[in-house]
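Convention: sequence-line order gives letters A, B, ...; per-chain numbering from 1.
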Amino acid sequence: MTAFRTHTCGELRAEHAGQKVTLAGWMENVREVGNNFAFVVLRDFYGTTQVVVETAEMSRIFKSINKESTIQVEGTVRLRESPNKKLPTGEIEVVPEKVAVLGRCRYNELPFEINRSRDADESARLKYRYLDLRNPAVKNNIILRCQVVAALRQAMTAHGFMEITTPILTASSPEGARDYLVPARKHPGKFYALPQAPQQFKQLLMTSGFDKYFQIAPCFRDEDARGDRSPGEFYQLDMEMAFASQEDVFAVLEDVLPPIFARYGTYDVASSAPFRRIGYTEAMETYGSDKPDLRIDLTVKDISALCQGLGFEPFEGRTVKAVPVSGCHLTRKQIDKLCADVEVQAGRKPYWLRSDESGALAGGVAKFFAGKEDELKNALSLGPDTLVLIAAGKKTEAQKTAGVMLKMAGAQVPGHMDEKRYEFCWIVDFPMYEIGEESGELEFCHNPFSMPNGGLEVLLSAERGEVDPLTITAFQYDLVCNGVELSSGAVRNHDPDIMIKAFEMVRLGEEDVKAKFPAMYNAFCYGAPPHAGIAPGVDRMVMLLAGESSIREIIPSP
RNA sequence: GGCCGAGUAGUUCAGUCGGUUAGAACGCUAGCCUGUCACGCUAGAGGUCGAGGGUUCAAGUCCCUUCUCGGUCGCCA
């Protein structure tokens, strides 16, 4: 009950029959079914209620109002002669006595029909986002977002985490993206940077003695948009724990996320705690991706050795990866389409061949395997009716292309993907270092502030030449769900000595650490707790829960 | 920034080999209709075919330039 209404438009039921009520909402539709006889649909946030028009006077009043105007209707509830079981309020209707226009819609033609706004052109939807959001199907994703955020807060609080806010106007931070800059009025020529993540602040909080921190944190990165990535700003469930290991972080999310996915998601949660852990190297070998979609039952096989000396130039001296797709009955045209799709995404065209119903190899590059058919069949455990997609190139290229082939084939060839479930996994053991493509020298692979597995010892061994630095892994991890990278996190390097040594490996030193991150470095010199954290993307999570493929569907004002 | 695709009525789209007056559905307007709920029926209004240039007797359609949007790669924890 407010000044404008006694009930909402989603509230009235049979038991309200006979009551005098006042409703307020948008005039969604008018169905004229006779002379001076019509049904008006009134809509507010909570639902719709039918208003019945039976007199010439009421008919005249409603005819003078454009759809989507806001109106107030005072009247009496009565049972419908022909109820509609599909609607929560379908048993009743309101007989109006007084109608007032609260907010007139000046246009009788809208940019799109409210209830079909999702079919409209996206730029029109965004321009008229306030109309788009009147569509319950659009609005419900935003409601879902609110519920998920509330549930996350509740779960994190229940796990003993405290929500602490961190600055928005700050100094440039260590992440790799471009910063957004804000001119500083009092210091002409200088700028604030908007945080790409609250990374440094939360680590300082750990050093201060706060034990468990979290925040639904806005992050700002000046990068181009993607279907699953908002341009500019997005939100993370940022968290950090003191005196904690990688497994401690995993345990929290394995406890927090599945119930929320189960309750608010479109599908069932197929993974139970503990989620599967997959090493980075293994993920790249087996799935051709560091964000595998475990709903797909296909894997990548290495056939490099087998493919030498075939007389097929693209395979010579290259890494060759194959993805066998069993039970495949695609036509030649469909296979070409699949390969073209892979080429668009991976930038490299895959090769292919297939086994027919008798198991004989045919098509594509099959002829080059003459004399080696059995070897290939054994290597791939090849049965009949199987399409083999093949990628060749430098190791990383071949892996990446194979990963795209795997996801494309999984999505397009029936029987290899059970779409309607959530499959979580952790990708662990990311390499600490790599050989830079441009420099040709050793560089940090990811975040330089992750703790190397093996600590100072392993770095010293590498320095003495006993350990290949490329084999050093970091306590750095990604949480992946259905092929979407939900989150990445790490056990942080809290020890200045290890930090300096890690930097020395890439020809940097203490001065560079100090220069780049003075606050954190200094703080760690006063006794820091070992700590670890992670930051799942809220937008991507809601996207998965809503079953949407565009991140703009779950953001109120994209 | 590279590549691919799209742009035609308020909206979503069709438009054949370049050929008469550019069509459909929804929406809108008017009329009919007393139980609809994606109401139904009849009629009508509504178009700079994204923009500019070119080829041609003739361009929505072919060519060039350009703009906008989407996807993707680069980029991005």
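- Pairs of residues two or more places apart, or lying in two chains, never qualify as salt bridge (Lys or Arg N to Asp or Glu O under 4.0 Å) while including a residue from residues 80-92 of chain A.
- Across all strands, R552(A) comes closer than 4.0 Å only to sugar-phosphate atoms, never to a base (heavy-atom distances).
- Considering only side-chain N and O atoms, K67(A) lies under 4.0 angstrom from the phosphate OP1 or OP2 of C28(B).
- Residue contacts shown for K400(A) are limited to sugar-phosphate atoms, with no base heavy atom under 4.0 Å away.
- With hydrogens and angles ignored, the 3.5 Å screen pairs a side-chain donor or acceptor of T70(A) with a backbone N or O of G103(A).
- Among the atoms of the strands shown, none is found under 4.0 Å from any heavy atom of R43(A).
- In this structure, S123(A) reaches neither bases nor backbone, as no heavy-atom distance under 4.0 Å exists between it and the strands shown.
- Look at CZ on F39(A): it is 13 Å from C1' on G40(B), rounded to the nearest Å.
- Counting any heavy atom pair closer than 4.0 Å across all strands shown, D222(A) reaches no nucleic acid atom.
- Of the candidates C76(B), G74(B), C37(B), the closest approach to any side-chain atom of N84(A) belongs to C37(B).
- Between the side chain of R80(A) and the base of C37(B) there is at least one donor-acceptor pair of N/O atoms closer than 3.5 Å.
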Per-nucleotide protein contact string for nucleotides 2-14 of chain B (B base, S sugar-phosphate only, - none; heavy atom under 4.0 Å): --------BSS--

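- Counting to the nearest Å, the P atom of C37(B) and the CD atom of E91(A) are 18 Å from each other.
- A heavy atom lying under 4.0 Å from RNA chain B marks the following residues of residues 481-491 of chain A, by number: E485(A), S488(A).
- Between U11(B) and G47(B), the two C1' atoms lie 14 Å apart (nearest whole Å).
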